[in-house]
Amino acid sequence: MIKVVKFGGSSVANSQQFKKVKRIIEKDDTRRFVVVSASGRECSEDNKITDLLYLCHAHIKYNINCDKIFKMIEEKFLRIAKDLGLHYNIEKELSIIHSQLDKNIDLDYLVSRGEYLTALLMAEYLNYEFVDAKDIIFFNYDGTFDYDKIKKVFNEIVKDSTRLVIPGFYGSLPNGNLKIMSRGGGDVSGSILANIIDADVYENWTDVSGILMADPRIVKNPREIDIINYSELRELSYMGASILHEEAIFPVKVKDIPIHILNTNHPESKGTIIKDNVKNDNDNIVTGIAGKKDFSIITVKKNHMSNEIGLIKKALDIFERYRISIEHIPTGIDSFSLIVETEAIKPYVYELVTEIKKKCQADDVSVIDEISLIATVSRKMKNYPGISGRLFTTLGNNGINIVVISQTSDEMNIIVGVHNKDYEQTIKVIYEEFEGNRY
């Protein structure tokens, strides 16, 4: 068995967390390929290394000295190295970076140094070989990954060493320039390696004991999800559940490699397993509940609309020209609505309404703001008649007005739109209906 293990920023925030990582690695000999994020917050008053590096770049851009910020970065890494008794010359690496802090420094290079330095220290501490991500994670110029090249290079590397530490979050372009991923991209790095290696499991270690059924800031002590499939995870991630980078799903999904979400601070917890072909072996009807605030509903009304061909397309063409993504399109006999993020249409709302009304020759175009979308997700929904009825009834009984309803034919989830003021209460009510009533 081979495992790829990825440790998030909180798992490598200080020397104590490094020690926890080492205990986890030493407990299972199959954990041979380790991916790390940049050192994260030690406490709420602390700063993530990546945030500080972005801040350094912003200061440089506006000709503001960033030495004080970089000093915080230096102190963090020097303290970890000292506490762990490491011998690697981290001072030299920090000095090289500091010497390049001028207008010409590349953003991707600078921001990637958090993962780079963290991985250097972790490699020595674990007595694993360090492999720079630029030498093993390769992008094409269009931003896609060059799997063939990654596989070829990886096979050469493991001829000499089968225990590696690799920085997450970045790789290199065909011309050798560094390229970073979007925030949380370390999850993607680990997922790609799991794909290339044909790993049996991809472990993702963080600061929570698996995925929770609902946001713990809204629902008190929500149940942990034991097992979830990729489609459910995708739905919850898209609707705002902060679990792991949503792009991390695809490299392992194609090979049906399970992802195991685990807690570095409580390694004994069973965590959450993410895999396809999940058996319905428990009595939890709903897998998870997630949502996002601040959407707008643009409703277009026109008499005899159902007899007209291509009307919705005319409206969509306008949004495509403004490069605005559509979330949902509920329709009626003489009307249809376009649900979009409010922030996306804010600069153009009057132009959009005017153009839609003109191009569609609509009788009326109206806009409603401050809408929240909440998804109730479950792979079992299609096997349990009456789920929608229970959901709508409990919201009605609690005085929550549903503005819009959306459900696809696969019955993976039910999305309801409510007013922002009802967002938290809606999630609480749905959770209580499907989870509280079980006890």
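These numbers come from a predicted model, not from an experiment.
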Give, for atom [atom1] of [X] and atom [atom2] of [Y], the distance between the pair rounded to the nearest 0.5 Å.
X: Leu373; Y: Tyr423; atom1: CG; atom2: OH; result: 10.0 Å
X: Thr376; Y: Met213; atom1: OG1; atom2: CE; result: 8.0 Å
X: Ile69; Y: Asn47; atom1: CD1; atom2: CG; result: 9.0 Å
X: Phe169; Y: Ser112; atom1: CZ; atom2: OG; result: 8.0 Å
X: Tyr62; Y: His57; atom1: OH; atom2: NE2; result: 10.5 Å
X: Leu52; Y: Lys68; atom1: CG; atom2: NZ; result: 14.5 Å

Would you check if the side chain of [X] reaches a backbone N or O of [Y] as a donor-acceptor pair within less than 3.5 Å?
X: Asn195; Y: Pro251; value: yes
X: Lys22; Y: Tyr125; value: yes
X: Glu232; Y: Asn229; value: yes
X: Ser39; Y: Val12; value: yes
X: Thr342; Y: Asp294; value: yes
X: Asn140; Y: Asp142; value: no
X: Glu124; Y: His87; value: yes
X: Thr393; Y: Arg390; value: no
X: Glu115; Y: Ala38; value: yes
X: Tyr141; Y: Asn175; value: yes

Is it the case that [X] and [Y] place a side-chain donor and acceptor less than 3.5 Å from each other?
X: Lys20; Y: Gln17; answer: yes
X: Asp215; Y: Tyr431; answer: no
X: Asn401; Y: Asp422; answer: no
X: Ser191; Y: Lys253; answer: no
X: Asn265; Y: Asp207; answer: no

Asp276 and Arg379 ion-paired at < 4.0 Å | no
Are the charged groups of Lys293 and Glu424 less than 4.0 angstrom apart, N to O?
-> yes
Tell me, with the steps shown, if Ile257 and Val4 meet side-chain contact (heavy atoms from CB on, under 4.5 Å).
-> CA-CA 11 Å; Ile257 298 168; Val4 171; over 6 Å; no
Check: [Y] and [X] side chains under 4.5 Å, non-hydrogen atoms:
X: Ser182; Y: His245; result: yes
X: Leu236; Y: Ile228; result: yes
X: His419; Y: Glu370; result: no
X: Ile427; Y: Arg217; result: no
X: Phe154; Y: Val131; result: no
X: Asn398; Y: Glu433; result: no
X: Val21; Y: Val5; result: no
X: Lys3; Y: Asp28; result: yes

Hey, is [atom1] on [X] packed in by over 12 heavy atoms from elsewhere, all under 6.0 Å?
X: Glu75; atom1: CD; result: yes
X: Lys61; atom1: NZ; result: no
X: Glu343; atom1: CD; result: no
X: Phe392; atom1: CZ; result: yes
X: Asn127; atom1: CG; result: no
X: Lys151; atom1: NZ; result: yes
X: Lys346; atom1: NZ; result: no

Salt bridge (Lys or Arg N to Asp or Glu O under 4.0 Å) against Lys292, all qualifying residues, sequence neighbours excluded | Glu341
What is the minimum heavy-atom distance between Arg163 and Arg31, and which atoms define it?
-> NH1-O, 4.5 Å
Scan Asn204, Thr206, Asp187 and name whichever one has a side-chain hydrogen bond (donor to acceptor under 3.5 Å, both in side chains) with Lys6.
-> Asp187
Taking the six-membered ring for Trp, are the ring centroids of Phe138 and Phe145 within less than 6.0 Å of each other?
-> no
Going through the distances and angles, do Ile137 and Tyr170 end up as a side-chain contact (heavy atoms from CB on, under 4.5 Å)?
-> CA-CA 7 Å; Ile137 301 294; Tyr170 72 96; over 6 Å; no
Under the side-chain contact (heavy atoms from CB on, under 4.5 Å) criterion, do Ile225 and Thr287 qualify, and how do the steps go?
-> CA-CA 7 Å; Ile225 301 170; Thr287 301; 4.1 Å; yes
Just do the side-chain contact (heavy atoms from CB on, under 4.5 Å) check on Asn63 and Lys103 with the steps written out, would you?
-> CA-CA 8 Å; Asn63 296 310; Lys103 280 278 190 179; 3.0 Å; yes
Carefully, step by step, assess Glu93 and Arg113 under the rule salt bridge (Lys or Arg N to Asp or Glu O under 4.0 Å).
-> CA-CA 10 Å; Glu93 294 285 353; Arg113 297 304 85 186; 6.0 Å; no
Please determine if Arg32 forms a cation-pi arrangement with Tyr128, meaning its NZ or CZ atom is less than 6.0 Å from the six-membered ring centre and no more than 45° off the ring axis.
-> no
Using ring pair (Phe, Tyr, Trp, His ring centres under 6.0 Å) as the criterion, list what pairs up with Tyr116, not counting sequence neighbours.
-> Phe130
